[in-house]
Structures are given as structure tokens and as C-alpha cells.
Colleague: 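Could you have a look at this structure, given as C-alpha cells, before my questions?
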Amino acid sequence: MADQNLMEKIVSLAKRRGFVFPGSEIYGGLAGIYDFGPRGVELLNNIKKVWWSANVYERDNYYGLDSGMFKNPRVWEASGHTSGFSDPMAECKKCNTRIRVDKVLESVGATADEKMSEDEINELFDAHRAEIACAKCDAHDFSRARKFNLLVKSNLGDFTSEGNEAVYLPGEACQGIYLDYKNIVDSMQPKIPFGVAQIGKAFRNEISPRNFLFRTREFEQADTQLFIKPNENKEAYEQMKKDRWNWYLSLGIKEENLRFKQHENLVFYAKDAWDIEYKFPWGFDEVEGIHDRTDYDLSQHMKFSNANLHYTDPETGEKYIPWILETSMGMGRAFLAVLVDAYHEDELGGETRVLLRLSPKIAPVKAMVSPLLKNKPELVAKAREVRAELKRVHPAIAWDDNGNIGKRYRRQDEIGTPFCVTIDFDTLGETPELKDTVTLRHRDTGAQERLTIAEVAERIRSAIE
Ligand code: ATP
């Protein structure tokens, strides 16, 4: 399967089956914005639940947070976003396509570092211009690169009056954790090391949104910040890398499609930085960053806010600014990795079929119940009863009585539903020894077995646990 083709198939399936829709579609869309449909929101919420469990519930020293998106404009000065959060952009002089100069330089083996000035980037760009062609029209004629700030501006309150400055939508979600660090220390009295976990929205004025959910202008980040004692970073950082790697495996993602990549150019304050990359149809690309950030973030906020963000050790009385180890995952990128990993085509009963081999734990629908024939009220009534019973195991039990049974199974295969349950005349007692048994059909193999309703409930329960 050509990979470009694979991506098109996934985008098409995502729309056809209610996972992801282009934003504002009836108005012609809005670049870089997507909506999660009825099945997408279930899958997304399930991924979030697994993330929250692993990062909050299964740990004793992590706290959850949901901070407000708008922040005092000073926050983005302290974090360096108003001055330094920019991508170098150039335009093809022939067809006006915009490119991210750092990314195209990377593709020809050159690194444009975040600290470089516009002149330095242009020097590097000039040295490689001959190797860089426009992806759209193949021309080699680009404008000079200029730095383009990614923060999205907005207004709050009476923005017409003079002196009322603009506020920004969050360029990254994690700033809320730094701002509430002191409140968490005061209200929860945690002992260091402790962590804070948050899933929050981020907005970036991306120059060229692309690759479906991979590079969008509105997205969610699932972040953890671990506050540690200065210089006690090494072991905790290695553990963090391991935990995050294993988390992707727990979603059912195949290990051969993951890899670690260490950053070559560290920002001046960072001790180490690694990305977890997934093998998307266009190649390995970043899903998550894991950063060893020293005391930079809290020190900056101390400087700009004048607040005292020192931590006092309750036993020794020692005072220090905690260092931070961070994990930051793009939720849309993780969602896309899950879809790509689960997408399969195989042959069943002499026909090609498309299926999502989603782990039952995150599948949007856990089982579909259907009566063999929809015009037989006694079958429909029994099937409704079975569905109600299975809903006690999990609420995401679908109903489908459209078309023949084969079509219903195929539809559920595309949604990634692990089980289909069919009620027929034997369920009603036509063959007395089969009374109150149903057909359980398995998504991955197409195999069918005859089980009691209680056995089916148990199968579903153990698969999703
Ligand atoms: P990139 O180099 O791809 O632009 P980044 O290194 O700037 O990403 P971070 O600022 O470290 O990304 O953000 C943490 C995570 O947020 C990334 O690993 C990614 O999963 C996600 N993310 C960043 N930008 C976007 C975007 N435009 N669309 C979707 N997810 C994003």
C-alpha cells in the first residue's frame, strides 16, 4: 500500500465513520482546524482516560490540573513566547506556497537552531537553496526567510479603549502548571518530587498546517511536569522516558513503529531532550517531547512576577527553586498514531475488508448488538434486552439493525468494534438447548462462537480491563 494512499484512506475512513471532520466544512473549511465526530470523541476521551490513569491515578505523587486558557500577558513574556516563539518562513516566488525553512533545511541535513537570528537562518538557507525545491511547483525560487510568531492574539474585556493590551491564546498548555505550582504546594502540601498533569488546549499560528491531525492550529497537549530537587534529574529522567514509551505500548501501538530521538541542539537552560516518534505514513515524526528543563521555568516566572516560588523542604528547611522534568504529548498526534497503527486491510470470506484493530480498552464502541432480522418484533425485543444487560458492563454498546448481518459486521470492523452480538431464533428457544445463547463475532478473526449472555458480558469485561 503506497503510504500517501494509506493516509488518504485513513482521512476518508475518519470522515465516513464519524471520527474526524474538517472544521467549518460547509463554509469551505478553515485550514488547520478539525472536529472530532461522535466516534472520534469517544476514542479521544478513551485515550485521555488511559493517559490520566497512568499519570495521575496510578501514581501517588501526581496531581491533576485544569487551568484557564487565557493568562496575564506577562506570562508569555516570561516564557519567551512573545519574543522567541517563531518559525522561519519563506514563500515560493512562483506559486506563493509557504514553507517552514527549519523543516526543509532539516530535510537536506542542515539544522536551523531556535536561537539563530533571521540573518543567520538566511545564511544557512542561502547555502542550501539549490537543494530545496517547492513541493507544489518544483521551482527553486524562494523569498528571504523571516521569523513568524506563532502566538494567536485575542481580546478580552473592553478592547476598544486605548491601553488595553491584547491577550494570547495559549501557545502551549504547560504554562498553567507553572502558574499554579505555588497554589498546589500551598493547598496540597506535596513533598518533592511531585508532579502535575494536565490536558489542555494550545493554539499556534502554524505557517503550513498539514498531515491531517499532525500539524493543526488548534490542538490539545497532555503534559506532566515533575518538580524535583536540583541535580536529582538523571535517574528520574530515564524513568520518565521508560514510562512514556510503555504508555504507547499500553494503547496497543506496535513497538516497531516507535522510536526515540535525542535533540542535537539544546536550548541553553536544558540538560537533555528526547522526542518519542511514531512511524507515520510520511515517516517517523514527533508525537511527544520529554525535556529536562532545570529551574528555568520557575526562575523566569519569579523574575517576571516577583512571586516567591522557592520550595521549602518540610524536614530540613532547605529552600530551593525546583528543577522540572517535562513530558508533552500532542493528543491529536497520539490519536492519529493510534488510527494509523490500527488500520488494516485483509481478506475475509473471499472479500477484502477494512478494519481498525483498536485495543478494546480505547475502541469507541465496545460491542454492537443486533437482531438477526429487524422486522421480527420478538427478535428486536430480545436484542434490546441483551443490549441493556451488556450496557451494565460498559455504556458504549451500539445498536445496528441496518442491512444484512454481513454489512453490519463490516461497518463495525471499520469502526474498530471488537465484538458483535447477534440475537436469532435459537436465542428465543427454537432449538431448546440454545435458548438464551447468542452469536459472538470477533473483529480481528471474524470467528464466531455461541455463548450465553453472561459469558458474552464476561468476555467484554475482561477485554476492556
Ligand atoms: P514541531 O517541531 O512538530 O512543531 P514542537 O517541538 O514545537 O513540535 P512542542 O512545543 O514540544 O512541539 O509541543 C509538544 C507536543 O505538542 C509535540 O510533541 C506535538 O505532539 C504537539 N504539537 C506541537 N505543535 C502541534 C501542532 N501544530 N499540531 C498538533 N500537535 C502539535
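Just follow the structure's listing: the first ligand is 1, and inside any ligand the first atom is 1.
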Colleague: Is the shortest distance from a Lys or Arg side-chain nitrogen in Glu220 or Lys201 to a carboxylate oxygen in the other one below 4.0 Å?
Modeller: no
Colleague: Need the list: ligand 1 N/O atoms against protein N/O atoms, distance under 3.5 Å, rounded to one decimal.
Modeller:
residue	atom	partner	partner atom	Å
ligand 1	2 (O)	Lys103	NZ	3.3
ligand 1	3 (O)	Arg215	NH2	2.9
ligand 1	3 (O)	Arg333	NH1	3.2
ligand 1	3 (O)	Arg333	NH2	3.1
ligand 1	4 (O)	Arg215	NH1	2.8
ligand 1	6 (O)	Glu286	OE1	3.4
ligand 1	6 (O)	Glu286	OE2	3.4
ligand 1	7 (O)	Arg204	NH1	3.1
ligand 1	10 (O)	Arg204	NH1	3.2
ligand 1	10 (O)	Arg204	NH2	2.9
ligand 1	13 (O)	Gln221	NE2	3.2
ligand 1	16 (O)	Gln221	NE2	3.1
ligand 1	18 (O)	Glu286	OE2	2.7
ligand 1	18 (O)	Val287	O	3.3
ligand 1	20 (O)	Val287	O	2.7
ligand 1	20 (O)	Gly330	N	2.9
ligand 1	24 (N)	Arg204	NH1	3.4
ligand 1	27 (N)	Glu206	OE2	2.8
ligand 1	27 (N)	Thr216	O	2.8
ligand 1	28 (N)	Phe214	O	3.2
ligand 1	28 (N)	Thr216	N	3.0
ligand 1	28 (N)	Thr216	OG1	3.4
ligand 1	30 (N)	Arg333	NE	3.4

Colleague: Taking only Lys NZ, Arg NE, NH1 and NH2, and the carboxylate oxygens of Asp or Glu, determine whether Glu277 and Arg333 approach each other closer than 4.0 Å.
Modeller: no
Colleague: So, Tyr278 versus Asp341: side-chain donor-acceptor pair below 3.5 Å or not?
Modeller: yes
Colleague: What do you reckon, are the aromatic ring centroids of Phe85 and Trp76 less than 6.0 Å apart?
Modeller: no
Colleague: Any donor-acceptor pair under 3.5 Å linking the side-chain atoms of Ser328 with those of Glu172?
Modeller: no
Colleague: Over 60° means perpendicular and under 30° means parallel, so classify the ring planes of Trp245 and Phe260, tilted if in between.
Modeller: parallel
